[in-house]
Amino acid sequence: MLNILFMGTPDFAKESLEAIYNAGHNILGVVTNPDKPKGRGMKLIASPVKEYAIEKNLKIFQPEKVRKNEEFIEQIKKLNPDVICVVAYGKILPKEILEIPRLGCINVHGSLLPKYRGAAPIQWAVLNGDKITGITTMYMDVGMDTGDMILKQEVEIGENETTGELWDRLSKIGGQLLVETLNQIEQKKAPRIPQGKDFTMAPMLQKQMANIDWENQTAKQIKNLVRGLNPIMGAYSTLENKKIKLWKVDVLDKSDDLFDESKKNGEVLLSNCKNGLYIKAKDGIIKVLEIQGENAKRMSIEDFLRGNSIKIESIFKN
């Protein structure tokens, strides 16, 4: 049994906290981001990690910042953890904190490092149409996801899998791999594998990337954009000056009878509640499965077209 300080914020991290709690480790405290105002009433909402910590009566810390926060750093030193486990905490730890635990700071990262260092590894794996991703546990250092690797587990990405679905799968795998990593650290069997110099970055997503580029993106790229931004923000296009979000789509290639090279990219090829909505792309057809009209709810394309008319030959624009 190890004495652990846990640092994390979203549901992805909550799965790891639950896993090490159930494995019987002594959790000295939980560090998570401050509660955030949400909704129309701007009510303060606790993070999933905080909610779990409350449920299990664990000590909670919610510092606004961790850098140059001497009071918080002293509190951590007094706890004297063997290990600090960090999972999607949301803040970069300074050297003063990284040096506190005798067995190091361990991070659970949502990619197969050194691919996709950075803030959004799961999202970029889907956006780029990758077939394989996974979880890496690693020793933390002062760089951005640059520390020595400990364990990895590969995962296949489904052809239609969204970021949200992959996120949920990887969060559970991350918890299991963290428990195994801690077991190996406790038994002094944990490897230290340097990452090497070849790496790719996974920066934070920008709002402007959600706009579908019918002129330049292939049908496959559009599909990957749609599933990669589901459920974060949704990929969108403009139809008759209204913002339309696409939440789920499929792709038909040029061999389909509906494809017409003479039509414009973004042009509606077929639209009715019986057959659905088909839009011409650069090199194929986008078949819309789930959609959201402006100021409306997400729904299946069949339900949407029962109450909304999208005319053939109308054009979705960037």
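When reading the values below, keep in mind they use all heavy atoms of this one structure, side chains included, and skip hydrogens, waters and symmetry mates.
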The test is side chain to side chain contact (heavy atoms under 4.5 Å, CB included); show your working for Leu127 and Leu229 and say whether it passes. CA-CA 8 Å; Leu127 287 165; Leu229 297 182; 4.2 Å; yes
Kindly determine whether Arg169 and Leu166 satisfy side chain to side chain contact (heavy atoms under 4.5 Å, CB included), including the steps that lead there. CA-CA 5 Å; Arg169 283 207 298 140; Leu166 182 59; 3.8 Å; yes
Evaluate the side chain to side chain contact (heavy atoms under 4.5 Å, CB included) criterion for residues Ile132 and Glu156: first the C-alpha distance (whole Å), next the side-chain angles of each, then the deciding distance (0.1 Å), finally the verdict. CA-CA 5 Å; Ile132 299 288; Glu156 286 189 15; 3.6 Å; yes
Evaluate the criterion side chain to side chain donor-acceptor pair (under 3.5 Å) for residue pair Lys189 and Asn183; output intermediate values, then yes/no. CA-CA 8 Å; Lys189 294 179 180 178; Asn183 288 343; over 6 Å; no
After noting the C-alpha distance and the side-chain angles of Asp130 and Tyr116, does the key distance pass the side chain to side chain donor-acceptor pair (under 3.5 Å) rule? CA-CA 12 Å; Asp130 291 359; Tyr116 297 137; 2.8 Å; yes
Mind running side chain to side chain contact (heavy atoms under 4.5 Å, CB included) on Met7 and Leu93 for me, showing each step along the way? CA-CA 10 Å; Met7 305 179 78; Leu93 302 188; 3.6 Å; yes
Would Asn318 and Asp213 count as a side chain to side chain donor-acceptor pair (under 3.5 Å) here? Give the steps. CA-CA 5 Å; Asn318 299 2; Asp213 185 350; 2.9 Å; yes
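When hydrophobic clusters are built by joining Ile, Leu, Val, Met, Phe, Trp and Tyr residues whose side-chain heavy atoms come closer than 4.5 Å, directly or via intermediates, Val31 is not grouped with Leu178. One hydrophobic cluster, built from ILVMFWY side chains closer than 4.5 Å, holds both Met209 and Ile232. Residues Val86 and Ile100 share a single hydrophobic cluster, defined by chaining ILVMFWY side chains whose heavy atoms lie under 4.5 Å apart. A continuous path of Ile, Leu, Val, Met, Phe, Trp and Tyr side chains, each step under 4.5 Å between heavy atoms, connects Val288 with Val268, placing both in one hydrophobic cluster. A continuous path of ILVMFWY side-chain contacts below 4.5 Å connects Val83 to Leu58, so both sit in one hydrophobic cluster.
Other residues, nucleotides and ligands contribute over 12 non-hydrogen atoms within 6.0 Å of the CD atom of Gln184. Within a 6.0 Å sphere centred on NZ of Lys317, other residues, nucleotides and ligands contribute 12 heavy atoms or fewer. With a 6.0 Å radius and a threshold of 12 heavy atoms from other residues, nucleotides or ligands, Lys56 has its NZ atom above the threshold. More than 12 heavy atoms of other residues, nucleotides or ligands shown are found within 6.0 angstrom of CD on Gln187.
Contact annotation: the side chain of Ile157 never approaches that of Lys131 to less than 4.5 Å [non-hydrogen atoms, C-beta and beyond]. Considering only heavy atoms from C-beta on, Ile84 stays 4.5 Å or farther from Leu98 through its side chain. Side-chain contact between Glu159 and Lys223 is present, with heavy atoms from C-beta onward closer than 4.5 Å. Counting only heavy atoms from C-beta outward, the side chains of Phe6 and Tyr21 never approach each other to under 4.5 Å. At a threshold of 4.5 Å between non-hydrogen side-chain atoms, the residues Val251 and Ile286 count as touching. Residues Met144 and Ile92 form a side-chain contact, since some pair of their non-hydrogen atoms from C-beta on lies under 4.5 Å apart. Put simply, the side chain of Ser314 reaches to within 4.5 Å of the side chain of Leu239, judged on heavy atoms. Counting only heavy atoms from C-beta outward, the side chains of Leu246 and Ser237 never approach each other to under 4.5 Å.
Between the side chain of Ser16 and the backbone N or O of Val87 there is no donor-acceptor pair closer than 3.5 Å. A donor-acceptor pair under 3.5 Å is absent between the side-chain atoms of Trp247 and the main chain of Pro231, judged by distance alone. Of the possible donor and acceptor atoms, none in the side chain of Ser47 sits under 3.5 Å from a partner among the backbone N and O of Pro10. Here the side chain of Glu186 pairs a donor or acceptor atom with the backbone of Met1 at under 3.5 angstrom. Between the Thr136 side chain and the Leu113 main chain, a donor and an acceptor come within less than 3.5 Å of each other. Judged by distance alone, the side chain of Glu18 and the main-chain N or O of Gly175 form no donor-acceptor pair under 3.5 Å. In this structure, the side chain of Thr32 engages the main chain of Gly8 through a donor-acceptor pair within 3.5 Å. A side-chain donor-acceptor contact under 3.5 Å links Asn308 to the backbone of Phe304. Under a 3.5 Å cut-off, the side chain of Asn107 and the backbone N or O of Met138 do not form any donor-acceptor pair. Under the 3.5 Å distance criterion, the side-chain polar atoms of Arg102 are left unmatched by any main-chain donor or acceptor of Asp82.
Under the side chain to side chain contact (heavy atoms under 4.5 Å, CB included) test applied with Leu182, the options Thr137, Leu177, Leu2 reduce to a single match, Leu2.
Asn211 contributes atom CG, which lies 9.0 Å from atom CG of Leu225 (distance to the nearest 0.5 angstrom). How far NZ of Lys287 is from CD1 of Ile301: 11.0 Å, rounded to the nearest 0.5 Å. Going from atom CG of Asp168 over to atom CZ of Phe12 covers 10.0 Å, rounded to the nearest 0.5 Å. Put simply, CG on Asn275 and CG on Leu305 are 10.0 Å apart, with the number rounded to the nearest 0.5 Å. Residue Ile315 holds its CD1 atom at 10.5 Å from CD of Glu240, rounded to the nearest 0.5 Å. The CD atom of Glu294 sits 10.5 Å away from atom NZ of Lys245, with the distance rounded to the nearest 0.5 Å.
Residues Pro191 and Ile150 come closest through the heavy atom pair CG-O, 3.3 Å. Gln62 and Pro34 get closest at one heavy-atom pair: NE2-CA, 3.5 Å. The two residues Ile291 and Ser300 make their nearest non-hydrogen contact at CG2-O, 4.5 Å. Closest approach of Leu258 to Ile285, counting heavy atoms only: CB-CD1, 3.6 Å. The nearest pair of heavy atoms linking Pro194 to Asp148 is CA-OD1, 3.5 Å. Across all their heavy atoms, Pro63 and Asn69 have their closest contact at CB-ND2, 3.8 Å.
A salt bridge is defined here as a Lys NZ or Arg NE, NH1 or NH2 lying under 4.0 Å from an Asp or Glu carboxylate O, and Asp303 with Arg306 meets this definition. Glu267 and Lys280 are not joined by a salt bridge, as no carboxylate oxygen comes within less than 4.0 angstrom of a charged side-chain nitrogen. At a threshold of 4.0 Å, the pair Lys263-Glu313 counts as salt-bridged, since one of the basic side-chain nitrogens sits closer than that to a carboxylate oxygen. Between Lys254 and Asp283 there is no salt bridge, since no side-chain N of the basic residue sits under 4.0 Å from a carboxylate O of the acidic one. Using a 4.0 Å cut-off between a side-chain N of Lys or Arg and a carboxylate O of Asp or Glu, Lys78 and Glu74 do not qualify as a salt bridge. Using a cutoff of 4.0 Å between basic side-chain nitrogens and carboxylate oxygens, Asp145 and Arg117 are not scored as salt-bridged.
Under the 3.5 Å distance criterion, with hydrogens and angles disregarded, a donor-acceptor pair is assigned to the side chains of Lys91 and Asn33.
Aromatic ring orientation, Trp214 versus Phe316: tilted (interplanar angle from 30° to 60°).
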